[in-house]
Participant: 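Quick one: structure below, then a few questions.
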Protein chains: 2
Amino acid sequence: MVDCLFCKIVKKEIPSYKVYEDKEFIAFLDIGPVNKGHTLVMPKNHSETFLDMNERELGKIMHFIQKVARAVVQGTKADGFNLMLNNKRAAGQLVDHAHFHIIPRFHSDGFKHWPQGKYQGNEAQQIADEIKRFL
Amino acid sequence: MVDCLFCKIVKKEIPSYKVYEDKEFIAFLDIGPVNKGHTLVMPKNHSETFLDMNERELGKIMHFIQKVARAVVQGTKADGFNLMLNNKRAAGQLVDHAHFHIIPRFHSDGFKHWPQGKYQGNEAQQIADEIKRFL
């Protein structure tokens, strides 16, 4: 798409610290890394969100992500990693071209996950039923 | 695996608020939700981490996740969602059976992402090169 930052990176119109690519996917460093080596993976084809990615891309991207994630861990000597996708602004998606974050993690890095709540009474079953209506 | 909490849920030895399942994958509510409707998706087959998941599972799980994520958004009337996988303890993995989190998000929920850093000088290129050695 003409005005998409990531499409421009895919087409090499904007430079990036590329880590890997194949015919359909590309991986390059996030220039604002949570930890150094934080890598973005995306389909080259423009999809606004993950929910817009097509069947073929869905069937192939996890092999690509697994391969890149393994290399990120090895190349940064990380103790683990997070794989994260933010779908829409409310979830922190800043560029409207579906992309995954691979964030190398270290025992000492101190990042905490969001706090977890609890369900009261019958609430969990009600919510599960509400989701199941759409499946 | 005998002592795996999620294998026991898969085999219905432990109850869960199941949202959906097919032959290979299952989705059920996280009982400690970041937001209500927070759903876990995993292969039924035991893999300790995402890096241990096999080719066939990798090729199929994203279709399953996309379908469930769409239903989570619809069922919770969310404004977006995060898809997250924690690989190993350093990344927050608490159960050693690979699983993805689908976390419904709302404009008003106030959760913040981890702060982003910067690369200095030639550092980004050096790190990209280090990762590329393993690809």
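Just so you know, these numbers use all the heavy atoms, side chains as well, and skip hydrogens, waters and symmetry mates. Since we're looking at a predicted model, the values are computed, not measured. Letters A, B, ... are given to chains in the order of the sequence lines, protein chains preceding strands, and every chain is numbered from 1.
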Participant: Strictly distance-based, threshold 3.5 Å: is any side-chain N or O of B:His63 a donor or acceptor partner for the main-chain N or O of A:Leu58?
Facilitator: no
Participant: Counting heavy-atom pairs closer than 4.5 Å to chain A, which one of B:Gly75, B:Ala91, B:Ala69, B:Gly37 comes out on top?
Facilitator: B:Ala91
Participant: Starting at CD1 of A:Ile61, measure out to CE of B:Met62 and round the result to the nearest 0.5 Å.
Facilitator: 6.0 Å
Participant: Is it the backbone or the side chain of A:Ser108 that comes under 4.5 Å from a heavy atom of chain B, or both, or neither?
Facilitator: neither
Participant: Does any heavy atom of chain B fall under 4.5 Å from the side chain of A:Phe111, the backbone, both, or neither of them?
Facilitator: both
Participant: Using non-hydrogen atoms only, which part of A:Lys118 is less than 4.5 Å away from chain B: side chain, backbone, both, or neither?
Facilitator: backbone
Participant: Rounded to the nearest 0.5 Å, what separates atom CG in B:Leu29 from atom CD in A:Gln125?
Facilitator: 8.0 Å
Participant: Under 4.5 Å from any heavy atom of chain A, what part of B:Gln93 do you find: side chain, backbone, both or neither?
Facilitator: neither
Participant: Could you tell me which of A:Gly80, A:Ala90, A:Gly92, A:Ala71 has the largest number of non-hydrogen atom pairs under 4.5 Å with chain B?
Facilitator: A:Ala90
Participant: Does the B:Trp114 side chain pair with the main chain of A:Lys112, one donor and one acceptor, at a distance under 3.5 Å?
Facilitator: yes
Participant: Please classify the contact of A:Arg133 with chain B as side chain, backbone, both or neither, using a heavy-atom distance under 4.5 Å.
Facilitator: neither
Participant: Within residues 13-23 of chain B, which positions have a heavy-atom distance to chain A below 4.5 Å?
Facilitator: B:Tyr17, B:Lys18, B:Val19, B:Tyr20
Participant: Between A:Val72, A:Ile103, A:Asp129, A:Thr76, which has the largest tally of heavy atom pairs under 4.5 Å with chain B?
Facilitator: A:Val72
Participant: With a 4.5 angstrom heavy-atom cut-off, is it the side chain or the backbone of B:Thr49 that approaches chain A, or both, or neither?
Facilitator: neither
Participant: Determine the option with the most heavy-atom pairs under 4.5 angstrom with chain B, choosing from A:Asp30, A:Asn35, A:Val73.
Facilitator: A:Asp30
Participant: If you count heavy-atom pairs under 4.5 Å with chain B, which of A:Ala128, A:Ala27, A:Gly32 comes out on top?
Facilitator: A:Gly32
Participant: Quick one: what part of B:Phe100 sits under 4.5 Å from any heavy atom of chain A, side chain, backbone, both or neither?
Facilitator: side chain
Participant: Count the heavy-atom pairs under 4.5 Å between each of A:Glu130, A:His107, A:Gln74 and chain B, then report the option with the highest count.
Facilitator: A:Gln74
Participant: How far does CG of A:Asn82 sit from CG of B:Leu85, to the nearest 0.5 angstrom?
Facilitator: 8.0 Å
Participant: Just so I understand: if I count every heavy-atom pair under 4.5 Å between each of A:Phe106, A:Phe28, A:Phe134 and chain B, which residue has the most?
Facilitator: A:Phe134
Participant: Measure distances from A:Asp52 to the heavy atoms of chain B and classify the residue's part below 4.5 Å as side chain, backbone, both or neither.
Facilitator: backbone
Participant: With a 4.5 Å cut-off on side-chain heavy-atom distances among I, L, V, M, F, W and Y, is there a chain of contacts connecting A:Phe81 to B:Met42?
Facilitator: no
Participant: Which answer fits A:Ile31, side chain, backbone, both or neither, if we ask what part of it has an atom under 4.5 Å from a heavy atom of chain B?
Facilitator: backbone
Participant: I'd like to know if the side chain of B:Glu123 reaches the main chain of A:Lys36, judged simply by a donor and an acceptor atom lying under 3.5 Å from each other, with no hydrogens or angles considered.
Facilitator: no
